[in-house]
Every structure is written in C-alpha cells, then in structure tokens.
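I have placed the structure first, in the form of structure tokens, so that the comments after it can refer back to it.
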Amino acid sequence: MFIFFTSVGLSEENNFRLVIHGGAGDITEKLISPEQKKEHEAKLTEALQAGYDILSKGGDSLDAVQAAVIIMEDSPLYNAGKGSSLTVDNKVELDASIMDGRDHKAGAVAGVSKVKNPIMAAYKVMTKSPYVLMGGVGAEQFAAAEGLDIVDPSYFVIESRVEQLKRVKEISHKIDQEKGVDAALYQDPLMYDYKYGTVGAVAVDIRGNLAAATSTGGSTNKHYGRIGDSPIVGAGTYADNNTIAISTTGLGEVFIRAVAAYDVAAQMKYRDTPLAEAAMNTLNSVKDMGGSGGIIAVDNKGNFVMQFNTKGMFRGTIGSDGIPQVAMFGP
Ligand code: ASP
C-alpha cells in the first residue's frame, strides 16, 4: 500500500526559494535513531544555508542548487559522492545531472568513480562541452582536464555501505535458492529500506530563473554499468522557467520509464494542472509501474512541493525569510 505525503508551499512575493531532498524510502522514527535524526537535520540545514547564501545575495539558482548538492555529496550520510551505495563488485559508480531552466541547457555524468563531486562534472559538461551526457572514463578524463578534484575510488567507500552490500547479497542469495534461479542477482531486495539517499536540489532565484540538480550512487548491488534515472534529463532532473525545476528519487528504472520529471512539467505545460496534483499523478504512474519514491519541485513564483509515496523522505526548504525547514518522516 502506498500513501502520499505532500508538503505544499505557497509563493512569496518577488522572492527566491530552494528545496532539497536526501532520498526517499523507509525513513521512519523506528529506523532512524535520535542521533541520526539530529545529524540529518544539521546536514540538510547546512545544505539549505549554502544555497541561501547565494540566493539571498541575488545569485543564480544554478549556483545555489550546485552548492546544496555539493554539501550532501561530501557527507557520508547520503547515497551521493562520499558514502554512496556499492555495486555488485564492491565499487562505486556515480551519476549526476544539472539543468538550467532559462535555456534548457543540461549536463550529466554517469558511472564515474573518481570525480569527487559528480555534480560539478555535470555542470562542466553543460558549460564546457558540446554534450549533455558523458559516461565512465571519458567523463572522468574530461572532469580532470577541467580542473575538478579527482580522488581514489576508495574515498567514496564507507564501512556501513560495505555491511549493507553484504546484507543485500545474503538476502539475494536466499531468494535465489528459494526460487531455484538467480532472479535476485544484481537486484536490491532492500530497495525500500531507508538506505535511499540520492540527493537533489531545485531553486528559483530573484529573477525567476529555475534550476535543478540530482546526484546519486544508484542502487545497492547494481551491476557495474547500470545507470539509473538521476543523470537522465526528463527522468531524474528537469528545469524549464515556464513550468518547474524538479528532482526525483526512487527506483530509477521506473522513473526512467515514467519519464517522471518531465511528466510533471508536461501536465502543467499542456493541461495547466496545478503542481501538487501533477506531482501526485506522476507518483501514481510510478506506483502503477511498481515503483516508489519522491519528488521535489518549485515553480517560478516559488510555489513548491516535497511529495513522496514512501514512508519518508529527507527534505528541506528555505526562502527569502531565511528560516530553514527540514523534515524526514511522513506526517
Ligand atoms: N534514483 C536512484 C537510482 O535509481 C536511486 C535513488 O533515488 O535512491 O539510481
């Protein structure tokens, strides 16, 4: 059974807004200890503050979403950058994308293992290459040539993810034995576990320009080479000044098939559907296809949603009043 939780915010006159997520999933008071809750609240607030510092000085939404995502990529709390989920062969392969709502410019990287901040590489692809999406070694070489920090892949690996992979493999093995096939190979039986932690940010600046960014380590136990929705423009990320900036999180394969991010924008563009209703329709489509997850989005007037059909989603928002609001559980 899926339940929808929506936080809807109304626009403030002539103002900016930043909305972030740190992944959706089985995020409940039972599974998150009070200490973990505090850590998440502090980190989400720090990410909001980084974006606020830019937006409040009249800076671009594009810079604000990047700044917020970098804070979360650098934190081991989330499944992006340091602390990412591990592949079936104990490695990290990171995906990220960014989009500029002014002109539909976009940049993305997929399957990178050495770029410290994949969102910065996505930004470089958008601004310094003729491409939209670069993958693997070529993307890493490009990022290095652009002067980005390159790290040893071990930088991203944290102990709790090693343990998580072991657990996932044990469960997969059990499922295989029960079914007599290797049906569970490369699957993540804990997909609805609270390990979700993809990060994303969307913003509108004082000029009404929209931007969106998403970064992830993808699903645990994924086959090397698997790429999810996060680096796919229109699935994991989308921005268009006339509609919304949006970042999604959840079972990537389904979000790609639902063309989830664009699906929300298209309903608004062609049918004038209100944002909260459009987001709910899209999450319903995702649910019908067997997926779950969450969506954050903001329009050019500062109306925003933080919506999910999982038990929780790490999320937060800040506007011109400078008061950060963070939450993680369903109401
Ligand atoms: N959407 C991500 C992926 O499938 C995972 C997530 O959002 O947690 O790669």
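Keep in mind it's a predicted model, so treat the numbers as computed, not measured. Any value given below was found using the heavy atoms of this structure, including those in side chains, with hydrogens, waters and symmetry copies removed. Whatever order the structure lists them in is the order used to number ligands and atoms, beginning at 1.
Against a heavy-atom cut-off of under 4.0 Å, Arg226 is close to the following atoms of ligand 1: 3 (C), 4 (O), 9 (O). Of all atoms in ligand 1, listed by their number and element, those nearer than 4.0 Å to a heavy atom of Thr249 are 6 (C), 7 (O), 8 (O).
Looking at Thr198 next to ligand 1, an N or O pair under 3.5 Å apart turns up. Considering both main-chain and side-chain atoms, Gly218 never comes within under 3.5 Å of ligand 1 through any nitrogen or oxygen pair. Between Thr216 and ligand 1, no N or O atom pair is found at a separation short of 3.5 Å.
Ring centroid separation for the pair Phe142 and Tyr131 does not come in under the 6.0 Å cut-off.
For Thr214 and Ser247, the side-chain atoms include at least one donor-acceptor pair closer than 3.5 Å. Residues Thr220 and Gln164 have side chains that bring a donor and an acceptor to within less than 3.5 angstrom of each other.
Side chain of Asp240 to backbone of Asn242: a donor-acceptor contact under 3.5 angstrom is found.
In His21, neither the side chain nor the backbone holds a heavy atom less than 4.0 Å from any atom of ligand 1.
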>> salt bridge (Lys or Arg N to Asp or Glu O under 4.0 Å) for Lys38 and Glu41? Distances and angles first, verdict last.
In response: CA-CA 5 Å; Lys38 267 198 197 129; Glu41 282 168 350; over 6 Å; no

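The shell of residues lying under 4.0 angstrom from ligand 1, judged by heavy atoms, includes Asp229. Ligand 1 has Gly250 within reach: a non-hydrogen atom of the residue lies less than 4.0 Å from it.
Under 4.0 Å is where a charged nitrogen must lie from a carboxylate oxygen, and between Arg226 and Glu253 at least one such pair does.
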